[in-house]
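Note that the numbering runs from 1 along the sequence shown for the chain.
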Amino acid sequence: MYFGKEKEQNSDRTPPNQRVTTGWPVLHVGNVPYYEKDLSNWDLRIGGLVERPTLLSFDELLGLPETSKKNDIHCVTGWSKFDNDWEGISTRTIVEHVGLRKEAKFVMIEAEEGWTTNLPLEDFLRETSLLAHKHNGEELTPEHGYPVRLVIPHLYFWKSAKWIRAIKFRSENQQGFWERNGYHMYGDPWKEQRFAWD
């Protein structure tokens with residue numbers, strides 16, 4: 001696994017027991033989905049506790065207002081990468097598009113290969129959260145989530161699911177894939193919430 005050149009640690013930006021890298025390690029289990037460049041068969045389902053359940057094509061998703069964010073990311077495996085530039089759609093824009101019912105308190109993200117991850121609604125709706133299609137000015141690669149990945153930078157990066165295909169709003173929290181397999185339900189890197197017992 002290539003981590004790239006490691007940088008000097010910055011205590012204000014580096015959570016406990018993380019090392020800063022200039023690389024971007026590729027970590028996943030299973031296959032990497034590869035799509036045709038026209039993405040004619042790709043869609044994003046948004047449902048659950050919403051007023052207007054929606055199925056968006058890739059072009060329709062990109063037709064929503066765009067945003068750009070710069071942030072640091074922190075992987076549960078111990079690396080951090082500073083100053084990532086993302087382009088995509090704010091999660092707040094997604095919610096405005098579909099309308100939330102008052103019972104919605106949590107979000108389940110579904111991705112290719114059967115991956116899922118859970119989030120409290122307030123974390124999904126943070127100003128820094130988005131559905132990204134570009135990183136540092138370049139289209140995402142398949143290994144990093146092409147065509148669209150979630151970016152929730154204030155939590156460990158497994159919460160920023162790659163290859164997302166559905167967003168479901170729920171009244172109750174439910175474990176996602178990694179959470180069912182021993183990872184923490186929340187995943188705050190500053191509290192080192194790596195595993196269920198942390």
Tell me if a side-chain donor or acceptor on [X] pairs with a main-chain N or O of [Y] at a distance below 3.5 Å.
{"X": "Asp72", "Y": "Asp83", "answer": "yes"}
{"X": "Gln175", "Y": "Met185", "answer": "no"}
{"X": "Asn136", "Y": "Asp85", "answer": "yes"}
{"X": "Thr54", "Y": "Arg52", "answer": "yes"}
{"X": "Ser160", "Y": "Ile152", "answer": "yes"}
{"X": "Lys81", "Y": "Thr22", "answer": "yes"}
{"X": "Thr117", "Y": "Trp178", "answer": "no"}
{"X": "Glu66", "Y": "Ile89", "answer": "no"}
{"X": "Arg194", "Y": "Val76", "answer": "yes"}
{"X": "Thr116", "Y": "Phe177", "answer": "yes"}

Under 4.0 Å between a Lys/Arg side-chain N and an Asp/Glu carboxylate O for [X] and [Y]?
{"X": "Arg165", "Y": "Glu113", "result": "no"}
{"X": "Glu172", "Y": "Arg170", "result": "no"}
{"X": "Lys69", "Y": "Glu127", "result": "yes"}

Nearest heavy atoms of [X] and [Y], plus distance in Å:
{"X": "Leu140", "Y": "Ala132", "value": "CD1-O, 3.3 Å"}
{"X": "Pro189", "Y": "Pro16", "value": "O-CD, 3.8 Å"}
{"X": "His184", "Y": "Gln193", "value": "CB-O, 3.0 Å"}
{"X": "Arg101", "Y": "Val50", "value": "CD-O, 3.7 Å"}
{"X": "Pro153", "Y": "His74", "value": "O-CD2, 4.3 Å"}

Connected via hydrophobic side-chain network under 4.5 Å: [X] and [Y]:
{"X": "Leu150", "Y": "Phe58", "answer": "yes"}
{"X": "Phe195", "Y": "Tyr186", "answer": "yes"}
{"X": "Phe106", "Y": "Val95", "answer": "no"}
{"X": "Leu131", "Y": "Ile73", "answer": "yes"}
{"X": "Met108", "Y": "Leu155", "answer": "no"}

* Asn118 and Gln174: CA distance, side-chain angles, deciding distance, side chain to side chain contact (heavy atoms under 4.5 Å, CB included) verdict -> CA-CA 7 Å; Asn118 60 304; Gln174 179 183 355; 5.7 Å; no
* Could you tell me whether the side chain of Tyr34 reaches within less than 4.5 Å of the side chain of Glu143, counting heavy atoms only? => yes
* Decide whether Glu179 and Trp158 meet the rule of one side-chain donor and one side-chain acceptor closer than 3.5 Å. => yes
* Structure fact -> With sequence neighbours left out, the residues meeting ring pair (Phe, Tyr, Trp, His ring centres under 6.0 Å) with Phe169 are Phe124
* To do: Evaluate side chain to side chain contact (heavy atoms under 4.5 Å, CB included) for Leu100 paired with Leu121, printing each intermediate quantity in order.
  => CA-CA 10 Å; Leu100 280 188; Leu121 179 62; 3.6 Å; yes
